[in-house]
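Quick notes on the structure that follows.
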Amino acid sequence: MRSKINLMNNIRLRFAPSPTGALHIGGLRTALYNYLLAKKHNGTFILRIEDTDQLRYVPGAEEYIIESLKWSGLIPDEGPGFGGAYGPYRQSERKELYQKYTQQLLDKGEAYLAFDTPEELDAERLKDPTFKYDARVRQRLKNSLALPAEEVQRRVSAGEPYVVRLKVRPNEQAVVQDQIRGEVTFDTNELDDKVLMKAGGLPTYHLANIVDDHLMEITHVIRGEEWLSSTAHHVLLYRAFGWEDSMPQFAHLPLILKPAPESFLHKENTPVLAQRLAQEFHKKHSDVPSAHFEKTEKFALQVLQDKANIAVSLKEKDKDEPEKAQLKAFLKDSLFGKLSKRDGDRLGFPVFPLSWQGEREDDSFVGFREYGFLPEATINFLALLGWSPGTDQEIFSLEELIQAFSIEKIGKSGARFDIDKARWFNQQYILKADTADLMDKVRPIIEANGHQPGDAFLHSFIDLMRERAVTLLEFWENGYYFFEPPRSYDEKNARKRWDAGRSGLFRQFVEGLSILPDFSASPIKAFVEGFLQDNELKFGEVFPLLRIGLAGTMQGPAVFEMMELLGKQETVGRLKKAFQLFDEWVAQG
RNA sequence: GGCCCGUUCGUCUAGGGGUUAGGACGCAGGAUUUUCAUUCCUGUAACACGGGUUCGAUUCCCGUACGGGCUACCA
């Protein structure tokens, strides 16, 4: 047994994702908390790939997971490609180990063989929806506990497929000491005989995770709350192996939930969302006649429009027809509960750290990185989603998070995902980032749009735009006109402010600009101010027109700085062109 | 349905037997500014409900409601 003093020494934590697709943002948070606790105590952070489900295995997912961790700065100390003395770190490469330990359990009488086919079990569940493979029913089923030994032998030698199940004893208690929730007790009468070894010879998560955590000397298991229920079985497994004394400490994290419907439902997007949900519903339930689409959409819209009562209107009623009940259930799943990959493109925000290209288009997603989020900001945002330092500090570097982190400060209740908060964090990081750093990250975006800015230009551009960009992408979106002519002009405001009578005066103004010997902000300023004074013009009569002429919009950095960066030739050219356009507009009336 | 977990402003949360229940995001207003943004100031808004325990409960206990998770030869 570990002594108390020793408890936080040499701690070993693992992040154990399954390579079934892109790593969800909730998974990244789990990785982060594992990493933080490990690093806080100079422990070891391990990556283990749980690829025991060959059916759900997705090529590229492991690489994706590793790239995501690297992007986030959570570098494993051990793991596939990272070395370590406890490998291999891919469960598919540890098959013999699981077989060996399964045999151990079999020998001890803690597990048994079961020959029931999936079809037979489905039939049982059809008969009785509450069917559970447990002590009460196993005597009447096809397993090594119920069948005569000779028959078991015969079936095995005949190569008949079987699974190995944990023999759960009735009338016992499985107690989980959870670091976040305290003591959670389960009655083994409620627990089924979980499959440990699948017919294909691969272990289930339950077995693999216990064997590996034991062999890898994992001291703390931090994982999502969806695992809390099955932890009862895990405790039983440790008991069956006789490893209870070295069982890791468990901490089950509250889940990340979908954003509150009130927060994303606006007049403009409600019909769009209703339509989208209707489409998804019909796609999922092909048995529903497509002629009902309009009806579906109408109901969805009706539900969404009454923002405050969505949950109430989706409540099942006995008199609901099956199709209505189905629709309600679908909408409820789509609008409430844990954050899912669908929510991202449905609502227009990232749910994955990095973009993911699935086989089909509807299995492809844009990541935080590609949306223009900085990894530091993403991590900071995630850290505070479910954990709090107990102080008013909001901005944390990874190093600061390590110092401040503790399991006791993790919250108990689910946290709703809030993209506005994520954006705010990103803005904070952009505001204080090194210009050189931003240059490296913004340059590819500019280049992707067909421009090759020089260092000095890019440097000034970033200084001018950083207060006006919340994401990296917005440097381009809000400041593209530094690289190419405005695509459109704020016509309404131009017309309002353009006085045809002053057309000549403005031409004179451009003329003056074009002969300035030093085209930097302060001489430009001096010139413009002088011009205004000489011609008795007010700021408000000139500046907005300059802005629109230069950038197309009334928003943007200081005009003189803008002119300096654009350069004389570009400035003069754009203004000439714009003023001519304004003249035409006004002439047209 | 069964089992398990949870519930403080719209959201993320601090707090905790006696507090003007604190901060942040958002939203609204104001100041600064050639616009926008940044920055600063102000405002908005919360202890789910019902019973206990107690001199006193938002805080502790029990119910109810609501939310969430699990209920596979998936993880």
Side-chain angles (χ1 to χ4, degrees), chain A residues 16-20 50-53 55-56 114 116-118 121-122 125 129-133 161-165 176 178 180-182 184-187 189-192 194-200 202-206 208-209 223-232 252 254-255 257 259-263 307-308 311 336-338 381 384-395 409 411-425 427 431 465-470 478 493 525 528 532 538-540 542-544 546-548 551 553-560:
Chain A
S18 188
T20 54
E50 310 235 336
D51 54 350
T52 55
D53 186 354
L55 259 37
R56 293 210 307 155
D116 317 84
T117 65
L121 295 176
D122 284 345
R125 288 185 195 104
T130 66
F131 172 81
K132 234 177 18 231
Y133 207 120
Y162 61 86
V163 300
V164 177
R165 285 183 182 270
V176 180
D178 191 89
I180 294 173
R181 282 150 224 285
V184 182
T185 307
F186 296 86
D187 183 339
N189 293 322
E190 303 288 346
L191 273 23
D192 67 339
K194 276 260 168 315
V195 170
L196 264 19
M197 234 347 148
K198 296 182 270 190
L202 278 169
T204 59
Y205 170 84
H206 306 294
N209 132 77
R223 70 209 328 181
E225 196 187 3
E226 69 266 32
W227 294 111
L228 183 55
S229 297
S230 44
T231 307
H252 289 93
L255 266 17
L257 273 18
E262 306 91 287
S263 74
K307 276 201 247 186
F336 300 97
K338 66 176 170 180
F381 163 67
L384 275 294
L385 203 58
W387 170 82
S388 135
T391 65
D392 284 349
Q393 187 177 351
E394 302 271 345
I395 302 298
K409 288 286 185 185
K412 291 181 171 62
S413 48
R416 289 220 148 95
F417 184 87
D418 180 1
I419 191 62
D420 283 327
K421 193 84 174 236
R423 285 172 55 81
W424 178 79
F425 274 109
Q427 183 177 42
L431 247 18
M465 288 305 294
R466 75 195 306 157
E467 285 173 1
R468 283 160 260 262
V470 170
N478 299 338
N493 273 302
K525 180 170 188 265
V528 174
L532 290 185
K538 292 189 200 104
F539 273 42
V542 176
F543 276 80
L546 295 180
R547 285 189 172 287
I548 296 173
T553 163
M554 301 230 295
Q555 308 175 349
V559 167
F560 305 128

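Chain A is the first sequence line, chain B the second, and so forth, proteins listed ahead of strands; every chain is numbered from 1.
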How does protein reach along nucleotides 65-75 of chain B, written 5' to 3' as B (base within reach of a heavy atom under 4.0 Å), S (only sugar-phosphate), or - (no contact)?
-S-SBS-SBBB
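- With sequence neighbours excluded, no residue forms a salt bridge (Lys or Arg N to Asp or Glu O under 4.0 Å) with A:Asp187.
- Taking atom NZ of residue A:Lys412 and atom P of nucleotide B:U13, one finds them 13 Å apart after rounding to whole Å.
- Between A:Phe539 atom CZ and B:U34 atom C1' the separation is 6 Å, expressed in whole Å.
- Using Watson-Crick or G-U wobble geometry with both donor-acceptor distances under 3.5 Å, B:G43 finds its partner in B:C27.
- Across the strands present, B:A14 finds no partner; the criterion is a Watson-Crick or G-U wobble pair with both atom distances under 3.5 angstrom.
- A 3.5 Å limit on both hydrogen-bonding distances identifies B:C62 as the Watson-Crick or G-U partner of B:G50.
- Nucleic acid contact class of A:Gly386 (heavy atoms, under 4.0 Å, all strands): sugar-phosphate only.
- For the pair A:Trp424 CH2 and B:C25 P, the computed distance is 5 Å after rounding to whole Å.
- The backbone N or O of A:Leu384 sits nowhere less than 3.5 Å from a side-chain atom of A:Ser388 that would complete a donor-acceptor pair.
- Across the C1' atoms, B:U54 and B:U59 are found 13 Å apart, a figure rounded to whole Å.
- Rounded to a whole Å, the CD atom of A:Gln427 is 11 Å from the C1' atom of B:U39.
- Taking a cutoff of 4.0 Å between a charged side-chain nitrogen and a carboxylate oxygen, A:Lys421 and A:Asp418 do not qualify as a salt bridge.
- Residue A:Val184 is in sugar-phosphate contact alone, with no base atom involved, counting any heavy-atom pair closer than 4.0 Å across all strands shown.
- Looking at heavy-atom distances under 4.0 Å, A:Pro389 makes no contact with the nucleic acid at all.
- Put simply, CG on A:Leu546 is 16 Å from P on B:C36, counting in whole angstrom units.
- Here A:Lys525 lies out of heavy-atom contact (under 4.0 Å) with every strand.
- Here the P atom of nucleotide B:G10 and the NZ atom of A:Lys421 are 15 Å apart, to the nearest Å.
- For the pair A:Ile395 CD1 and B:C25 C1', the interatomic distance rounds to 11 Å; values are reported in whole Å.
- At a threshold of 4.0 angstrom between heavy atoms, the contacts of A:Phe381 with the nucleic acid are absent.
- Backbone-only engagement by A:Arg181 is indicated by non-hydrogen atom pairs under 4.0 Å involving sugar-phosphate atoms exclusively.
- Across all strands shown, A:Ala558 has heavy atoms under 4.0 Å from base atoms, whether or not it also approaches the sugar-phosphate.
- Nucleotide B:U19 has no partner under the Watson-Crick or G-U criteria, as no pair reaches both atom distances under 3.5 Å.
- Using a 4.5 Å heavy-atom threshold, the side chains of A:Asp116 and A:Tyr133 count as touching.
- Here A:Ser413 lies in heavy-atom contact (under 4.0 Å) with sugar-phosphate atoms only.
- Nearest to the side-chain atoms of A:Arg468 among the listed nucleotides B:U38, B:C36, B:G6 stands B:C36.
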